[in-house]
Amino acid sequence: MKKARDCLLKIFRRTFSTLQNPKSQMEDLSERYCFNPVLRWNSQVEEYFTKAYGAEHFALISKALTRPSCYSCIRVNTLKSTTDTVIKKLSTIVTEMGKSNSENTTLKGGDGDVNGIELTQSGSQKASVKINDEKNPITENFEHPSISRCQVPGLDYVVFVRGSGPHTIDYGYANGRPPKEVIVSRKCAEAVLRGAQVYVPGVMACSAHVEKGDVVAISVAVEQPGLDGGWSLGITRGTVVQGLPTDPYHPERSGLYIGQGTTAMSRAGIFRVCEGVAVDMHNRVFKLPSFYDVLEGEIFLQNLPSIVTAHALDPQKGERILDMCAAPGGKTTAIAILMKDEGEIIAADRSHNKVMNIQKLAAEMGLSCIKTYKLDALKSVNRRTDSCKSSDSVCVDANDSVVNDGSSSMNLDNEKPSSITEILEVDKIRKQNAEGRKNGKRPRNGPGRNQCMGGRAENSKGFAPNSFDRVLLDAPCSALGLRPRLFAGEETLASLKHHAKYQRRMFDQAVQLVRPGGVIVYSTCTINPGENEALVRYALDTYKFLTLAPQHPRIGGPGLVGRFEFADHSGEEWLRPGEEHLVQRFDPSSPLDTIGFFIAKFSVGSKDSE
């Protein structure tokens, strides 16, 4: 009752203020109908990052995280095609996209069109990946001016396709009448900013009398502080938007308009059906070409730091390599291609559906050296050698395979294979299922898509110690480097520390599995030093036979040196002077314009002294 009363009082005060001072409520339309989000953090986390990066730098990082990268990064499958062939095909596709997008466009201008990007390697050497335009030609003359080949040595199979934005859009506000509007959830908006359409499940509210074919403005409902001290959406799905200050989230939506589109169904239809495209986007704040299901098997849409991670591992033909948290398979397939599909890659993940997706991706790309297993990374080591196959040191439960039907694939490497939140959710479901079995209840399915291709995900009981030449631990993390991101308040200092705890346990497993003389590469997609530099400090202090190794190519920035002291006087140690240039930290606010990412490479010495 108290919460309802507080909400009513809030609406009443806002309405009364509008009636008393109508002129004071006449906001600048250019400020309202634009995209200028402010990323909200937990106050303690914000203080932590501000001390780690400095206030000015962290403000730049926060702003960069709210926007997508200005270009799409495409990895060519060199075992199936060539970079030149792919560029020609992409040029045709992008040209056709441009023709279709040029119709019914009301963009007033692209304030941030990107003419080029420069990658700086260690030392004085520079490698240019400048994107063609009329004022700035490059040496290679491609068929479409927005497409270029990466010029970093060893990455010539990487292709960049330029996007543009942010654009100013005329939403059609006229004679005091606001445009018809559709409010979408924050996660839906983040997908739209990456190039997706607005799908039915993502629609939260809509103007009255919206019919199929209407042009609507798309705004975002972002989580707000709740009365209980937490965060909540505070909007009921199906709410009618009037375009008045009394609308839910009316002031909060100012500066959160992401584009304009045409409705594919009426308002009634949107809230009646469960799936399908609700709004076909034709004017976007950021225009990035979509390559979903394009040139399947020949290309893979992947973030640049993820590609660099595979190179840092430096896989060689004939080696035995473990990818501990392999889903969705982007880095796994990149490693296989660098090995020319000669050797053995064990790709493990705790999710059956994700393992099936790795199998499907490997088949699409024509790779045969990848073996997939369903395995929890925290249980990767199996010291019971009597249950292991002597030929490959893989401990398999042959009677515990799983079969599933359906089909689905993911051709993006912009998500972590799983998160600590998902791990905890799985454990919770297992406990619920165990209790349910006692009461004769049917077990629940765990999180994840149940639409995988038919086949088997073989369960593994782990691997023998010292049985791999190289191990990649692309660890589940807080994912605070992924972009675009419109909200970050869900992470607390406690949850960040919890992520780091799990990562250390996974790293302990990796150290046992790699042979002396081998290599471990650790990577995350977060800006959190506690999951990055602090993990490196833990590894070097705990395992004296580990040393940081140089990485090639080196295009990321240095790591953070020093320590952080929390309010409870506990400390967090980061890198020491001289170590910062042996890791790669990708800053989303840097000219490179990537996601936030971290890579550390360890050489494994003799373990005899341990």
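Since the structure is predicted, the reported quantities are computational estimates derived from the model, not experimental observations. The first residue in the sequence is number 1, and the count goes up from there.
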J.: Measure up the His311 and Tyr157 rings against each other and bin them: parallel (under 30°), tilted (30 to 60°), perpendicular (over 60°).
T.: parallel
J.: Work out which heavy atom in Pro305 is nearest to a heavy atom in Ile599; give both atom names and the distance.
T.: O-CD1, 3.8 Å
J.: Look up atom OG in Ser478 and atom CG in Leu496, then write down how far apart they are to the nearest 0.5 Å.
T.: 5.5 Å
J.: Would you say the side-chain atoms of Glu298 and Ser81 include a donor-acceptor pair closer than 3.5 Å?
T.: yes
J.: Can you tell if the side chain of Leu90 reaches within under 4.5 Å of the side chain of Val159, non-hydrogen atoms only?
T.: yes
J.: Please confirm whether the backbone N or O of Leu313 pairs with a side-chain atom of Arg470, one donor and one acceptor, at under 3.5 Å?
T.: yes
J.: Considering only NZ, NE, NH1 and NH2 on the basic side and carboxylate oxygens on the acidic side, decide whether Arg585 and Glu533 come within less than 4.0 Å.
T.: yes
J.: Can you check whether Ile337's main-chain N or O pairs, donor with acceptor, with Lys340's side chain at less than 3.5 Å?
T.: no
J.: If we only count heavy atoms from C-beta on, is the Glu190 to Arg194 side-chain gap below 4.5 Å?
T.: yes
J.: Under the 3.5 angstrom rule, does the side chain of Thr542 hit a backbone N or O of Ala539 as a donor-acceptor pair?
T.: no
J.: State, to 0.1 Å, how close Ile358 and Ala327 come at their nearest heavy-atom pair, and which atoms those are.
T.: CD1-N, 3.6 Å
J.: Check Lys80 against Gly366 and note the closest heavy-atom contact, atom names and distance.
T.: CE-N, 4.0 Å
J.: Does a donor on one side chain and an acceptor on the other come within less than 3.5 Å for Thr594 and Asn303?
T.: no
J.: For Phe545 and Val604: C-alpha separation, side-chain torsions, deciding distance, then whether side chain to side chain contact (heavy atoms under 4.5 Å, CB included) applies.
T.: CA-CA 6 Å; Phe545 54 83; Val604 182; 3.8 Å; yes
J.: Below 4.5 Å, heavy atoms only, C-beta onward: do Val471 and Met324 meet side chain to side chain?
T.: yes
J.: If you compare all heavy atoms of Leu193 against all heavy atoms of Pro484, which two are closest, and at what distance to 0.1 Å?
T.: CB-CG, 3.7 Å
J.: Report yes or no: does Gln151 contribute a side-chain atom to a donor-acceptor pair with the main-chain N or O of Arg149 at less than 3.5 Å?
T.: yes
J.: Dump the intermediate steps for salt bridge (charged side-chain N to carboxylate O under 4.0 Å, His left out) on Glu458 and Lys371, then the final yes or no.
T.: CA-CA 9 Å; Glu458 194 169 23; Lys371 294 183 179 179; over 6 Å; no
J.: Is there a side-chain contact between Pro153 and Pro553, using heavy atoms and a 4.5 Å cut-off?
T.: no
J.: Measure the shortest side-chain to side-chain distance between Leu301 and Ser72 over non-hydrogen atoms and say whether it is less than 4.5 angstrom.
T.: yes
J.: Does any non-hydrogen side-chain atom of Cys73 lie less than 4.5 Å from one of Leu304?
T.: yes
J.: Do you know the tightest heavy-atom contact between Phe463 and Leu322?
T.: CE1-CD1, 3.9 Å
J.: Supply the atom-to-atom distance Ile321 CD1 to Phe468 CZ, rounded to the nearest 0.5 angstrom.
T.: 10.0 Å
J.: Are the side chain of Gln509 and the backbone N or O of Arg505 linked by a donor-acceptor pair below 3.5 Å?
T.: no
J.: Checking the side chain of Lys89 only, and the main-chain atoms of Val294 only, is there a donor and an acceptor separated by less than 3.5 Å?
T.: no
J.: So how far is it from Leu480 CG to Thr526 OG1, rounded to the nearest 0.5 Å?
T.: 4.0 Å
J.: Hey, which of Lys497, His499, Gln503 is the one that makes side-chain hydrogen bond (donor to acceptor under 3.5 Å, both in side chains) with Glu531?
T.: Gln503
J.: Does Asn532 reach the main-chain N or O of Phe598 with its side chain, forming a donor-acceptor pair under 3.5 Å?
T.: no
J.: Once rounded to the nearest 0.5 Å, what's the spacing between atom CD1 of Ile147 and atom CD1 of Ile87?
T.: 7.0 Å
J.: Between Arg162 and Tyr71, is NZ or CZ placed under 6.0 angstrom from the six-membered ring centre and within 45° of the ring axis?
T.: no
J.: Under 3.5 Å, side chain of Gln584 to main-chain N/O of Ile555, donor-acceptor pair present?
T.: yes
J.: Would you find more than 12 non-hydrogen atoms of other residues, nucleotides or ligands less than 6.0 Å from Tyr199 atom OH?
T.: no
J.: Evaluate the side-chain proximity of Tyr538 to Tyr543: yes if any heavy-atom separation is below 4.5 Å, no if none is.
T.: yes
J.: Please find the pair of heavy atoms, one from Leu548 and one from Ala600, that lie closest to each other, and give the distance.
T.: CD2-CB, 4.4 Å
J.: Report yes or no: do Asp156 and Thr83 form a side-chain donor-acceptor pair below 3.5 Å?
T.: no
J.: Take Arg320 and Ile346 through the test side chain to side chain contact (heavy atoms under 4.5 Å, CB included) and record every step on the way to the result.
T.: CA-CA 8 Å; Arg320 188 164 189 260; Ile346 303 296; 4.2 Å; yes
J.: Would Ile93 and Leu295 count as a side chain to side chain contact (heavy atoms under 4.5 Å, CB included) here? Give the steps.
T.: CA-CA 10 Å; Ile93 293 169; Leu295 303 182; 4.3 Å; yes
J.: List for me each residue that meets ring pair (Phe, Tyr, Trp, His ring centres under 6.0 Å) alongside Phe602, sequence neighbours excluded, and say none if there are none.
T.: Phe507
J.: Do side-chain atoms of Lys374 reach the backbone of Ala457 as a donor and acceptor pair under 3.5 angstrom?
T.: no
J.: Under 4.0 Å between a side-chain nitrogen and a carboxylate oxygen: does that hold for Asp593 and Arg67?
T.: no
J.: Can you find a pair of side-chain heavy atoms, one from Asp587 and one from Tyr53, that are under 4.5 Å apart?
T.: no
J.: At what distance, to the nearest 0.5 angstrom, does NZ of Lys317 lie from CG of Leu338?
T.: 11.5 Å
J.: Judged by atom type as modelled, is there a donor-acceptor pair below 3.5 Å linking the side chain of Glu364 to the main-chain atoms of Ala362?
T.: no
J.: Would you sort out whether Arg75 and Thr333 count as a side chain to side chain donor-acceptor pair (under 3.5 Å), showing the intermediate values?
T.: CA-CA 10 Å; Arg75 172 168 59 84; Thr333 55; 3.0 Å; yes
J.: Return the NE2 to CD distance between His498 and Glu491, rounded to the nearest 0.5 Å.
T.: 11.0 Å
J.: Show your reasoning for whether side chain to side chain contact (heavy atoms under 4.5 Å, CB included) applies to Ile61 and Phe49.
T.: CA-CA 10 Å; Ile61 291 174; Phe49 286 150; over 6 Å; no
J.: Between the side chains of Thr332 and Asp323, does any donor sit under 3.5 Å from an acceptor?
T.: yes
